[in-house]
Amino acid sequence: MTMNNAFEKMSVLAVDDNRTNLHILQVFLKKLGHEVILAENGEEAIARFQQYHPDLVLLDIMMPVMDGFEAARRIKAASRDKWVPIILLSALNRDENLVEGLEAGADDYLTKPINFVVLEAKLRSMQRSLSMQRSATVALERLLAISDNVPDAIVTCNGSGEILTVNRATEIIFGHPAAGLVQRPIGLLVPDLQCTAPTTATTRNREREAIGHRRDGRAFPVEYGLSEVSIDHERIFVIVIRDITQRKQAESQLQQNAALLQTYYDHSQNEQQLALRLMEKLLHRPGLLDARLRYKVIATENFSGDIVAASHSPEGRFYALLADATGHGLPAAISVLPVLALFYRMTRLNRTIRELVLEINQQLKESMPIGRFVAATIVCLDEISLSGEIWIGGTPEALLIDADGQICERFPSENLALGIIDSAQMNDQPRRFEWQPGSQLLMYSDGVLEAADPEGRQFGSQGISDAVRDTSREVRFTALEDALSAHLGQNAAGDDVSLMLIDCP
């Protein structure tokens, strides 16, 4: 038999005091492709279970030393961290036997003599359930791995303000071990933070400042955002807490210089206007307000795996980034945060495209779970030499458009996305280019190409070419937005969408 699911082979513990029955079960299960572990009584079954940790148990009821009911209870008690199905096998077919077996922890019941057609069907059903359990476990492990690589503390609480979970950064920031925080009040970390009042459209995800307390009693300034979700009719609060000690120290120093303080205030105000949600606050930086830049990001969910970023170095270089992480929603959005942090840090230091590519790739390769990577287009325009460099890995081609709206050069993706292979193995050399006065550089994610109209036709590269052809630079971005919107109609984009148009100096 071949199972069409991701959990084809099971490890099965078969328990029966009748060796003939046990041998028949062994032959049948091996024929189906499963590994078989044998036991002849309940006590031996428990020992085998603890030694081999099987996926499923076939358990006879009437046995010497320890019967199947007691063995089922002990096996269930020993497997609290995961679900291990137990199918009882017995010649007893009275209702009270079935009820007692289910109350002991069994998941199904099959009377003897065994109908092997029915048993095979039950095994297939258990396989499907185990496959779903394994998929859910893997997804949770990946989400936890991402959460543990976020530099901010992420805490969940119930409606009574009791802590349910924390990430690794919470331990680092506050000094408490994770096990010591569970079921403790959130006020232990931030006394002014309350999780009992319902959130509203005004307060949800709005960031506030407060005073946090470390384990050793030291107080320090924090910034937190709070949102509320409902899971199984239970209110759950998700709180992201950031240690802003360094920022506050910087503000104190900036107070000595009125001009610098005003600049910081303006930038902070601009960010606050853009930060409708927590992830939006993290993604938007002053560089995106550059007059030469127009961009748009449309998320398919609350959070986007697409990001755009821009920065201007003191030496006259203008940097831009368009990145697209695997997946959608919060996991994808968190995946691109290391890219964003490295981009802004390195561009402030006037680093080359090659240095950016190598550093970001190595950071992602070392920290991201398997199967997670980030496609990216990175560009640097030199205002002095009027030349540029561009590196594309995994994102669609970029277009250089002249003043008359004609595509004069295409830059295809010639590299793998970031985070797949080690930096020593990758091609880190950017492509150099020059431009004529009035030119613009267009970058976009694959969500633009794959945007489908009500008939399922994709926008594609032809849609982009048609939208920008014969347009002036002042209206070109609006024309592209309008064309994409008209193509989608009432449809929502199937993937995150990001566009960036840059005026060449």
Side-chain angles (χ1 to χ4, degrees), residues 139 142-143 145-151 279-280 282-285 287-288 295-311 319-347 351-380 389-398 411-430 443-450 493-500:
R142 288 180 177 176
L143 183 59
I146 294 171
S147 173
D148 281 342
N149 281 282
V150 175
M279 294 304 299
E280 292 173 353
L282 292 173
L283 294 174
H284 286 84
R285 303 294 180 92
L288 290 173
Y295 70 93
K296 188 178 189 70
V297 177
I298 305 173
T300 57
E301 301 180 14
N302 290 334
F303 301 93
S304 173
D306 284 12
I307 61 166
V308 293
S311 178
Y319 298 86
L321 164 74
L322 185 145
D324 180 5
T326 51
H328 302 284
L330 181 59
I334 293 177
S335 298
V336 294
L337 292 183
V339 177
L340 196 67
L342 284 172
F343 172 82
Y344 280 111
R345 178 169 62 84
M346 297 185 71
T347 54
R351 299 301 189 193
T352 64
I353 293 289
R354 181 175 179 272
E355 290 174 308
L356 265 71
V357 169
L358 291 175
E359 184 69 20
I360 293 173
N361 180 77
Q362 197 59 36
Q363 175 67 22
L364 293 176
K365 187 67 173 64
E366 293 174 356
S367 63
M368 296 281 280
I370 294 175
R372 291 280 177 177
F373 50 85
V374 178
T377 299
I378 307 175
V379 65
C380 175
E389 291 185 335
I390 187 168
W391 185 93
I392 304 178
T395 48
E397 65 178 2
F411 305 102
S413 174
E414 299 175 336
N415 307 285
L416 292 175
L418 299 169
I420 297 178
I421 60 177
D422 289 330
S423 295
Q425 300 173 292
M426 69 184 303
N427 177 18
D428 54 18
Q429 295 298 330
M443 301 146 58
Y444 49 91
S445 68
D446 56 6
V448 178
L449 299 177
E450 297 168 1
D495 193 5
D496 297 329
V497 169
S498 54
L499 290 165
M500 179 180 281

Asks: Looking at Pro412 and Glu397, what are the two nearest heavy atoms and their distance?
Replies: CA-CB, 3.8 Å
Asks: Is any side-chain heavy atom of Leu449 closer than 4.5 Å to a side-chain heavy atom of Tyr444?
Replies: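 Answer yes - side chains close enough.
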Asks: Locate the shortest heavy-atom distance separating Met500 from Ala320; write the atom from each residue and the value.
Replies: SD-CB, 3.7 Å
Asks: Considering non-hydrogen atoms only, spot the tightest contact between Ala309 and Tyr344 and give its length.
Replies: CB-OH, 3.5 Å
Asks: Determine the minimum heavy-atom distance between Trp391 and Asn415, stating which atoms define it.
Replies: NE1-ND2, 3.3 Å
Asks: Quick one: which of Ile420, Asp324, Leu418 gives a side chain to side chain contact (heavy atoms under 4.5 Å, CB included) with Phe373?
Replies: Ile420
Asks: Going through the checks in order, is the side-chain contact (heavy atoms from CB on, under 4.5 Å) test met by Glu359 and Arg345?
Replies: CA-CA 11 Å; Glu359 184 69 20; Arg345 178 169 62 84; 4.2 Å; yes
Asks: Would Gln363 and Leu342 count as a side-chain contact (heavy atoms from CB on, under 4.5 Å) if you check the C-alpha gap in whole Å, the side-chain angles of each, and the deciding distance to 0.1 Å?
Replies: CA-CA 9 Å; Gln363 175 67 22; Leu342 284 172; 3.5 Å; yes
Asks: If we only count heavy atoms from C-beta on, is the Lys365 to Asp422 side-chain gap below 4.5 Å?
Replies: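 They are in side-chain contact.
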Asks: Under 3.5 Å, is there a donor-acceptor pair between the side chain of Thr377 and the main chain of Ile392?
Replies: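 Not confirmed, Thr377 side chain does not pair with Ile392 backbone.
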Asks: Could you measure the distance from the OG1 atom of Thr326 to the CE atom of Met368? Nearest 0.5 Å is fine.
Replies: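 So the gap between those two atoms works out to 5.5 Å.
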Asks: Would you mind reporting whether Leu321 and Ile307 have side-chain heavy atoms less than 4.5 Å apart?
Replies: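 Yes, their side chains come closer than 4.5 Å.
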Asks: Mind checking the CZ-CG spacing from Arg351 to Leu356? Nearest 0.5 Å is all I need.
Replies: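 Rounded to the nearest 0.5 Å, the CZ-CG separation comes out at 9.5 Å.
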Asks: Less than 4.5 Å apart, any side-chain heavy atom of Asp496 and any of Val297?
Replies: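 With C-beta onward as the side chain, the pair stays apart.
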Asks: Taking all atoms of both residues into account, what is the closest heavy-atom pair of Ser311 and Thr347, and its distance?
Replies: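 Result for this residue pair: OG-OG1, 3.0 Å.
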Asks: How many angstroms lie between atom CD1 of Ile378 and atom CZ of Phe343, to the nearest 0.5 angstrom?
Replies: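 Here the interatomic distance stands at 7.5 Å.
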Asks: To the closest 0.5 Å, what do you measure between OG (Ser445) and CG (Leu499)?
Replies: 7.0 Å
Asks: Between the side chains of Ser423 and Asn361, does any donor sit under 3.5 Å from an acceptor?
Replies: yes
Asks: State, to 0.1 Å, how close Ile353 and Val379 come at their nearest heavy-atom pair, and which atoms those are.
Replies: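 Looking at all heavy atoms of both residues, the closest pair is CD1-C, 3.7 Å.
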